[in-house]
Amino acid sequence: MKIFINGKYYNEKTATVSVFDHGLLYGDGIFEGIRAYHGRVFKLREHIDRLYDSAKAILLDIPMSHDAMMKAVVETCRKNKLRDGYIRLVVTRGPGTLGLNPKRCKDPQVIIIADKIQLYPPEYYEKGLDIVTVPTTRNLVNAVNPAIKSLNYLNNILAKIEANNAGVEEAVMLNQHGFVAECTGDNIFIVRKNELLTPPLTAGALYGITRGVVMELGREEGLSVRETDLTRYDLFVAEECFLTGTGAELIPVVKIDGRVIGSGKPGQITRNLVQRYHELTQTSGEPI
Ligand code: PXG
């Protein structure tokens, strides 16, 4: 495997960062998770734009232009002969001193890894997921805003551990007001009375690229698509529920906190959207 670090390619053994990198010492950095399908990078521009927005929010100057970053992603795929897979783009604050002051970090590390993707087992896509709400509250928007795709994922990891402890794969995270925010690595949607509903960003969710695509597809399918605060009650009485993310794509949810959602099987609207999403991933994107 050839890994991009600051304009050079390294093999797996030599692709390293300093133990003084603030990405490691403090989780001071940002990342993106991107997919390639059929020799094309899906929604590359959107992912790069979000990366730069995250960088801006944490006052991290990425020493490359948007276009150079897009080219670097495509070139890393090409060098690894990757046609279908997963691209992890990481920008760390870079090596500094043991103090947390980012001013001491002069050399941000831009890392691009192009690898195979690990998916949920196929049976979850057919049967649907069983998920639970967890005690760990989603990060507050005025603390570490969940809109920033930062290297601080402990909030999500704690929620994931709580889901695992409950014997399920994924967690619904609520915000400090008790409204639904998102899952640990996915946004959440429900269908009810011909409406497609998802929490707004102010509830504490990432501006998911897949979320945006699905909202568009929903409108094309004739659904009324709205961002609105959702309670656990809204989830329980939903006709359909599904999660969206670059890794998971669209995955149906059939049980939440022991309540069966809709018929207990993936719903028809979810299945239509899954099909539309697959068509889009196979036919669009930046050629490698
Ligand atoms: N919420 C959170 C907290 C995420 O981390 C999403 C929502 C969905 O966003 P996108 O833009 O992907 O639709 C994410 C994305 C990984 C991995 O390796 C995580 C994500 C995406 C791809 C891979 O765990 N999270």
Side-chain angles (χ1 to χ4, degrees), residues 27 29-37 41-54 57 73 82 84-91 111-120 129 131 133-134 136-141 143-164 169-175 179-189 196 198-218 227 230 241-251 253 273-274 276-278 280-281 284-285:
I30 53 175
F31 77 104
E32 279 296 323
I34 312 171
R35 286 281 286 273
Y37 297 91
V41 184
F42 189 61
K43 298 288 169 192
L44 178 58
R45 166 77 60 186
E46 285 80 354
H47 280 284
I48 300 303
D49 286 349
R50 187 173 65 185
L51 179 80
Y52 280 80
D53 287 345
S54 294
V73 168
L82 190 95
D84 289 272
Y86 179 61
I87 301 137
R88 167 60 62 89
L89 181 43
V90 183
V91 186
I111 302 162
I112 307 173
I113 308 166
D115 202 355
K116 293 274 160 291
I117 178 103
Q118 280 193 335
L119 301 168
Y120 279 117
L129 281 179
I131 62 178
T133 52
V134 293
T136 294
T137 298
R138 188 76 180 104
N139 279 340
L140 312 191
V141 292
V144 181
N145 195 323
I148 303 168
K149 206 164 163 65
S150 86
L151 295 182
N152 281 268
Y153 254 51
L154 259 187
N155 183 231
N156 314 50
I157 289 163
L158 290 176
K160 190 72 152 185
I161 288 167
E162 288 160 356
N164 290 344
E169 293 285 326
E170 186 51 292
V172 179
M173 301 185 77
L174 307 178
N175 65 23
F179 292 117
V180 176
E182 59 176 346
C183 293
T184 68
D186 300 298
N187 292 108
I188 188 164
F189 282 85
L196 186 57
T198 192
L201 297 200
T202 49
L206 183 74
Y207 181 66
I209 309 290
T210 320
R211 174 184 183 274
V213 171
V214 167
M215 288 170 78
E216 235 173 83
L217 291 177
E227 296 179 76
L230 298 172
C241 177
F242 60 86
L243 313 182
T244 65
T246 297
E249 301 179 326
L250 270 82
I251 188 158
V253 172
L273 289 169
V274 166
R276 294 287 310 273
Y277 188 78
H278 283 165
L280 201 61
T281 59
S284 67

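First listed ligand is number 1; within each ligand, the first listed atom is number 1.
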Testing the basics here: between V41 and V73, what is the closest heavy-atom pair and its distance to 0.1 Å?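 Here V41 and V73 meet closest at CG1-CG1, 4.4 Å.
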Should the pair R211-E227 be classified as a salt bridge under the 4.0 Å nitrogen-to-oxygen rule?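 A salt bridge links R211 with E227.
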Parallel under 30°, tilted from 30 to 60°, perpendicular over 60°: which one fits the rings of F242 and F189?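 Aromatic pair F242/F189 classed parallel.
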Within-4.5 Å side-chain heavy-atom neighbours: L89 and I111: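 In short, these two side chains do not touch, never coming nearer than 4.5 Å.
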Test item: K116 and L82 side chains (from C-beta on) under 4.5 Å apart, heavy atoms: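 Yes, their side chains come closer than 4.5 Å.
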Just checking, any donor-acceptor pair under 3.5 angstrom between side chains of E249 and T210?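 The criterion, which ignores hydrogens and geometry beyond distance, is not satisfied for T210 and E249.
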So what's ligand 1 close to, N/O to N/O, under 3.5 Å?
residue	atom	partner	partner atom	Å
ligand 1	1 (N)	E182	OE1	2.6
ligand 1	5 (O)	K149	NZ	3.1
ligand 1	5 (O)	Y153	OH	2.5
ligand 1	11 (O)	R50	NH1	2.8
ligand 1	11 (O)	R50	NH2	3.0
ligand 1	11 (O)	I209	N	2.7
ligand 1	12 (O)	T246	N	2.8
ligand 1	12 (O)	T246	OG1	2.5
ligand 1	13 (O)	I209	N	3.3
ligand 1	13 (O)	T210	N	2.9
ligand 1	13 (O)	T210	OG1	2.6
ligand 1	18 (O)	Y86	OH	2.9
ligand 1	18 (O)	R88	NH2	2.8
ligand 1	25 (N)	K149	NZ	3.2
ligand 1	25 (N)	G185	O	3.4

